[in-house]
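Quick notes on the structure that follows.
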Amino acid sequence: MRRKFCRFCSEFAATTIKYSGLPLCKKHFVEYLEKRVFKTVKKYRMIQEGERILLGVSGGKDSIALLHILKDLQKELKFEIIPLFIDLGIQLNKYSQLSGEIARKNCEKLGLDLITVKIKNEYGFSLDDVFSKRLKRPICSVCGLIKRYVLNRKAIELSADKVATGHNLNDEASFILQNFINMDIELLSRLSPIQPTFNKLLIGRIKPLFEIYEDEISLYVTFKNLEYIDIACPYAKEASTLQLKNILIQLENIRSGAILTMVRGFHKKLKPILQNKQKIEEEKELTTCKLCGMPTSTEICSFCRLKSKIIKN
Ligand code: AMP
Ligand code: FES
Ligand code: ZN
Ligand code: ZN
């Protein structure tokens, strides 16, 4: 097969954007992807001039890519990046330790100071402690709860305006599909690439990579030679989430662009309808947790309930 040339220069193309057929060399692919993220940030007004953005850096390819892309965006838009790594205390394969080191190295390269929150030191338990208790709830879901809690709490403590995470298009699509299968209208209506700050205890969240395919992020970190943790978490995501992701990739292989069309269509067309239906529910007041003061709809928040279960025994 004849090799194609990059659309923007005389180099051979290193990849072709599948859903548009655009051939690009490494340099122009990197620029193209960064431009697309900048466009998403601007279109959804994710970041305003002067804001402090707390970025959850896990050491994985998505958040490492986002760290570098946001650093680049600072040339156009003045805002602050506060990178934060949550050390969950996963000892197997030295997973947490290695992830933290990679996150720190990337930050150092960009002249940023990484904040590390060791949950064992701050809250008295690790994810390994949670695992050893064999709770009914899947470990990944507990892990998600811990991460959301810590990111929100730290954002308040550090006076951040928003929390940014590296969730990508495939993450967004599998979440939609999962909740569509369960017909969980409440979760679906709350899903958003930009969740505004609800009150001073519930800091807004943004997902600047939500329109970028996972394999595009893989190419980005490879072409830019970025270091990231490429071993899977030993408590790897539940099989069902991975299976759904594989089904979506099969769909994409049959119909290029299907995932992007589905996610965009969901946010543009379906979500407004769902949100209207959910409005009354959403207006129900949040109170604050009696133990930690964070927002909750129950007397004690789910993080504190989890903590007491793990530490009590
Ligand atoms: P995950 O839920 O593991 O797919 O991660 C989604 C996003 O959450 C990542 O892209 C990061 O922005 C953030 N995140 C995940 N794990 C951590 C961590 N240990 N520390 C800080 N942020 C994290
Ligand atoms: Fe959360 Fe693996 S990082 S379960
Ligand atoms: Zn080129
Ligand atoms: Zn609490």
Side-chain angles (χ1 to χ4, degrees), residues 3-17 22-33 53-70 81-93 95-104 106-107 114-119 122 126-128 130-131 135 137-155 162-172 174-175 193 205-210 212 214 217 221 223 228-229 231-238 241-242 245:
R3 286 183 71 185
K4 288 185 195 157
F5 287 102
C6 170
R7 179 70 52 88
F8 302 115
C9 71
S10 55
E11 291 281 319
F12 278 124
T15 185
T16 299
I17 307 297
L22 187 66
L24 295 170
C25 68
K26 285 186 186 177
K27 172 176 169 272
H28 284 115
F29 173 80
V30 165
E31 279 182 20
Y32 164 84
L33 192 123
I53 306 295
L54 183 81
L55 170 60
V57 185
S58 65
K61 64 177 180 328
D62 303 311
S63 54
I64 292 294
L66 183 58
L67 174 72
H68 287 261
I69 295 171
L70 288 185
I81 304 171
I82 313 168
L84 183 134
F85 170 70
I86 304 167
D87 182 337
L88 294 152
I90 302 173
Q91 300 216 13
L92 203 67
N93 305 336
Y95 187 73
S96 291
Q97 188 197 324
L98 294 176
S99 308
E101 280 167 14
I102 287 173
R104 185 181 43 77
N106 274 279
C107 288
L114 178 73
I115 299 173
T116 296
V117 178
K118 217 174 163 71
I119 65 158
E122 271 198 45
S126 66
L127 201 67
D128 284 352
V130 175
F131 187 70
L135 304 179
R137 188 169 171 176
I139 186 87
C140 280
S141 140
V142 177
C143 177
L145 159 79
I146 296 172
K147 289 191 283 205
R148 279 191 301 278
Y149 180 90
V150 174
L151 285 174
N152 185 57
R153 190 159 170 170
K154 290 293 149 188
K162 279 172 198 141
V163 172
T165 54
H167 290 97
N168 61 41
L169 181 63
N170 299 57
D171 294 328
E172 191 83 348
S174 64
F175 189 85
R205 275 183 267 157
I206 54 171
K207 296 185 246 175
L209 300 182
F210 94 102
I212 308 291
E214 188 177 343
I217 294 169
V221 290
F223 289 173
Y228 64 94
I229 182 114
I231 50 167
C233 163
Y235 301 125
K237 291 242 151 54
E238 301 108 271
T241 314
L242 287 178
K245 284 198 164 170

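Heads up: numbering here begins at 1 and tracks the sequence. Remember, it's 1-based here, ligands and their atoms both numbered in the order they're listed.
- Only protein N, O or S atoms were scored, and 4 of them lie under 2.8 Å from the Zn ion (ligand 3).
- With L55, L114, I86, L54 as candidates, the residue nearest to atom 20 (N) of ligand 1 on a non-hydrogen basis is I86.
- Across all their heavy atoms, N170 and K245 have their closest contact at O-CE, 4.0 Å.
- Using a cutoff of 4.0 Å between basic side-chain nitrogens and carboxylate oxygens, K26 and E11 are not scored as salt-bridged.
- Any N or O atom pair closer than 3.5 Å counts here, and L88 shares no such pair with ligand 1.
- The shortest side-chain heavy-atom distance between I146 and L127 falls under the 4.5 Å cut-off.
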Can you list the steps and then say if D62 with H167 is a side chain to side chain donor-acceptor pair (under 3.5 Å)? CA-CA 7 Å; D62 303 311; H167 290 97; over 6 Å; no

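- Within 6.0 Å of atom NZ in K154, more than 12 heavy atoms from other residues, nucleotides or ligands are found, so the atom counts as buried in its surroundings.
- Less than 4.0 angstrom separates some heavy atom of V57 from each of these atoms of ligand 1: 20 (N), 21 (C), 22 (N).
- Here is the list of ligand 2 atoms found below 4.0 Å of a heavy atom in C143: 1 (Fe), 3 (S), 4 (S).
- Considering backbone and side-chain atoms alike, D62 places every N or O at 3.5 Å or more from each N or O of ligand 1.
- Residue C233 counts as close to atom 2 (Fe) of ligand 2, with an N, O or S atom under 2.8 Å.
- The aromatic rings of F5 and F12 sit parallel to each other, their planes meeting at less than 30°, with 60° as the upper class boundary.
- Using a 4.5 Å heavy-atom threshold, the side chains of V57 and L84 count as separate.
- Under the 4.5 Å side-chain criterion, counting only non-hydrogen atoms from C-beta, Q91 is not in contact with Q97.
- Of the N or O atoms in F85, none lie within a sub-3.5 Å distance of an N or O in ligand 1.
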Apply side chain to side chain contact (heavy atoms under 4.5 Å, CB included) to residues I86 and I119 and explain how you reach the verdict. CA-CA 7 Å; I86 304 167; I119 65 158; 3.7 Å; yes

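- Within the listing of ligand 1, atoms 21 (C) sit less than 4.0 angstrom from a heavy atom of L84.
- A salt bridge links E172 and K207; the closest N-O separation between the charged side-chain nitrogens and carboxylate oxygens is under 4.0 Å.
- In terms of polar-atom proximity, defined here as any N/O pair under 3.5 Å, G166 does make such a contact with ligand 1.
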